[in-house]
Amino acid sequence: MLDRKSLVNDIKSFKEVIQRRNFAFDDNYLLELENERKKHQIKTQELQKLRNTYTKSIAKAKSNNENPKPLLDKVADLGAMLDKEKSLLKIVQDKINSFLMNIPNILHESVPLGKSEDENIEVSSWGKPKEFDFMVKDHVDLGKKYGLDFTTATKISGARFVVMTNQIALLHRALAQFMLDYHTKNDYQEAYVPYLVNTDSATNTGQLPKFEEDLFKTSLNNNKDKDKVFYLIPTAEIPLINMFSDTIIKEQDLPIKFVAHTPSFRSEAGSYGRDTRGLIRQHQFDKVELIQVTKPENSYQALEDITCDAENILKDLELPYRKMLLCSGDVGFSSAKTYDLEVWLPGQKKYREISSCSNCEDFQARRLKLRFKDKDDNTILLHTLNGSGVAVGRALVAVLENYQQADGSIKIPTVLQKYMNFKKEIK
RNA sequence: GGAGGGAUGGCAGAGCGGUUGAAUGCACCGGUCUUGAAAACCGGCAAGAGGUUAUUCUCUUCCAGGGUUCAAAUCCCUGUCCCUCCGCCA
């Protein structure tokens, strides 16, 4: 969420800035609401002040053994007036709030203008797509005989789920293990977190209210608790970042860096027919997620760092990738600037997203009430960042396809061998 | 599932209708003392919001939401979470 006050104070330049998002911003509507708000808020506070004054006089009169009746008469209809004013104020405030909740974050000035992912900019690339002297297969064909099983998953759950057994299951686990080990050696604290979160948490990080249809929603199936709602996490960013909601962090404890390996659940509503084959787009997939909480002046360096941390995973796995700077049309709602890492997939002859690293600046911190005290004792909102380091399912796809051999066997990347009983290949 | 107890500032913990945004202790920050440090002593120390900005003035907040009252941390109701005991359970 953006800051109402600074937004209203400089509404003209904000309107310009937010246009880069192609966001239709109704400045008149907001200013109108603001006038209403101001009117009712001032009135409410005046009435409260009046009531407080009378209340104190009544207390004084009583302790002096004077008759409080005249004072009580004066205050008789104050309560009703106050209630009315309060409810008017609340209506306006709710309107303003939901208006602000639906405005995306302001983009960083370095974000290029563009309509869709086609206009993202390649910042750098690493490794070269390997030339194969045989017909390459994709991960679905490659994985089949080693335990990648979509048919069984369909029976159990439906489309967009997978069962992994035996060597594929081991490779999948090895990848996650390797990533966790790498990041924890690199100053990230490991966390195990809930996979079901409440409405507040999902709101704090920006998934709600706007993107509810992307989430799986659960509720208890009895009358007593039917209002108790949980959302399955679409990313570990939600529980990780919410660990710090409503806190004032000590300056010396910054930056905060955490890593977690969790499943992620996405409804993939609106992507019917896209990437229906294989592991690329699943309702449930594992991801190793990195988050950082930093001081404002350090967050853009932290974005470079967190991206680099994700890149190092791909480098160690010796997977060719490119680093993309997302254009204005493709940056997510809460983010001010995002890099995607795209890994080369020989089976598709394409680079595909395997990591996304974002700086949300104070957009999440404002809803979270996540702050620190600076040297002058001012309370300042912190900046939050998140990055996948990296998506485990897609990493599995990349390893299978990039490490395939003519006979359909799979070489094991050197860094993974110790997690796989020192096997050098799957065959 | 049953029975009971609780939730107060960064932490511990008092207050249980009236000037209490809240005693006290610890922590933290500044100062005195000291060669320096510690100790001691003195002072400071919640967050959010609104108006006005020279300055400040005001409002809200003692788990959350309702209610009673001129007045609620304090009384009543509902919810959430925590603790203890019994039962069940991976």
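Numbered from 1 within each chain, the chains take letters A, B, ... in sequence-line order.
- Residue Thr379(A) is in sugar-phosphate contact alone, with no base atom involved, counting any heavy-atom pair closer than 4.0 Å across all strands shown.
- In this model, the phosphate group of U80(B) is not approached by any side-chain N or O of Asn198(A) to a distance below 4.0 Å at OP1 or OP2.
- One can place CD1 of Ile248(A) at 10 Å from P of C11(B), the figure rounded to the nearest angstrom.
- Straight-line distance between the P atoms of G5(B) and U58(B): roughly 42 Å, to the nearest whole Å.
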Please evaluate residues Glu268(A) and Arg281(A) with respect to the criterion salt bridge (charged side-chain N to carboxylate O under 4.0 Å, His left out), reporting the C-alpha separation (whole Å), side-chain torsions for both, the decisive distance (0.1 Å), and the verdict.
CA-CA 8 Å; Glu268(A) 298 297 344; Arg281(A) 196 174 298 276; 3.3 Å; yes

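- Within 6.0 Å of NZ in Lys369(A) there are 12 or fewer heavy atoms belonging to other residues, nucleotides or ligands.
- For RNA chain B, if you chain together Watson-Crick or G-U pairs that step i with j, i+1 with j-1 and so on, the runs of at least three with distances under 3.5 Å are B:1-7 with B:80-86, B:10-12 with B:24-26, B:28-32 with B:40-44, B:46-51 with B:56-61, B:63-67 with B:75-79.
- Nucleotides A14(B) and A72(B), compared at atom P, are 24 Å apart to the nearest Å.
- Distance, Leu89(A) CG to U58(B) P: 20 Å, rounded to whole Å.
- If you take OG on Ser264(A) and CZ on Phe216(A), they are separated by 12.0 Å, rounding to the nearest 0.5 Å.
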Could you walk me through whether Asn186(A) and Asp309(A) satisfy the side-chain hydrogen bond (donor to acceptor under 3.5 Å, both in side chains) test, starting with their C-alpha distance in whole Å, then the side-chain angles of each, then the deciding distance to 0.1 Å, before giving a yes or no?
CA-CA 8 Å; Asn186(A) 192 20; Asp309(A) 294 332; 3.0 Å; yes

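- Atoms CG and CD1, from Leu30(A) and Ile11(A) in turn, are 4.5 Å apart once rounded to the nearest 0.5 Å.
- We find that CG of Asp94(A) is positioned 17 Å from P of A49(B), with the value rounded to whole Å.
- Taking the P atom of each, A3(B) and G87(B) are spaced 16 Å apart, rounded to whole Å.
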From CA spacing to verdict: salt bridge (charged side-chain N to carboxylate O under 4.0 Å, His left out), Asp141(A), Arg277(A):
CA-CA 11 Å; Asp141(A) 293 335; Arg277(A) 183 176 164 83; 3.2 Å; yes

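- If you check every strand for non-hydrogen atoms under 4.0 Å, Lys39(A) touches nothing.
- When rounded to the nearest whole Å, the span between CD of Gln41(A) and C1' of G48(B) equals 11 Å.
- We find that CG of Asn9(A) is positioned 11 Å from P of U52(B), with the value rounded to whole Å.
- Separating the C1' atom of A46(B) from that of G21(B) is a span of 8 Å, rounded to the nearest Å.
- Checked against Leu370(A) for a side-chain contact (heavy atoms from CB on, under 4.5 Å), the options Leu381(A), Asp362(A), Asp246(A), Leu382(A) give a single hit: Leu382(A).
- Side-chain contact between Gln48(A) and Lys86(A): present, with at least one pair of heavy atoms (C-beta onward) separated by less than 4.5 Å.
- At whole-Å resolution of the value, CE in Met1(A) and P in A49(B) are 10 Å apart.
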Atom pairs under 3.5 Å: protein N/O with N/O of nucleotides 61-70 of chain B:
none

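- Per the geometry, CG belonging to Asn65(A) stands 16 Å off P belonging to G18(B), to the nearest Å.
- Per the geometry, CD belonging to Gln45(A) stands 8 Å off C1' belonging to U60(B), to the nearest Å.
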Please step through salt bridge (charged side-chain N to carboxylate O under 4.0 Å, His left out) for the pair Glu46(A) and Lys49(A), ending with a clear verdict.
CA-CA 5 Å; Glu46(A) 273 173 2; Lys49(A) 187 184 174 186; over 6 Å; no

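- Taking the C1' atoms as reference points, U68(B) lies 41 Å from U53(B), given to the whole Å.
- Ring geometry, Phe99(A) versus Phe25(A): the interplanar angle falls from 30° to 60°, so the pair is classed tilted.
- Within the nucleic acid shown, Lys56(A) has no heavy atom closer than 4.0 Å to any nucleic acid atom.
- Here the nucleotide nearest the side chain of Arg371(A), chosen from G48(B), C59(B), A49(B), is G48(B).
- Positionally, the nearest nucleotide of RNA chain B for Gln93(A) lies more toward the 5' end than for the other of Asn52(A) and Gln93(A).
- Of the residues near RNA chain B, Gly79(A) and Ile42(A), the one whose nearest nucleotide (by heavy atom distance) lies more toward the 5' end is Ile42(A).
- Spacing of C1' atoms, U60(B) relative to U20(B), comes out at 15 Å, to the nearest Å.
- Contact annotation: Lys38(A) side-chain N/O to G51(B) OP1/OP2 distance is under 4.0 Å.
- Contact of the Thr235(A) side chain with the Asn386(A) side chain is not registered, since no non-hydrogen atoms from C-beta on lie closer than 4.5 Å.
- Going from the P atom of G66(B) to that of C57(B) covers 31 Å, rounded to whole Å.
- Nucleotides U69(B) and G10(B) are separated by 35 Å at their C1' atoms, to the nearest Å.
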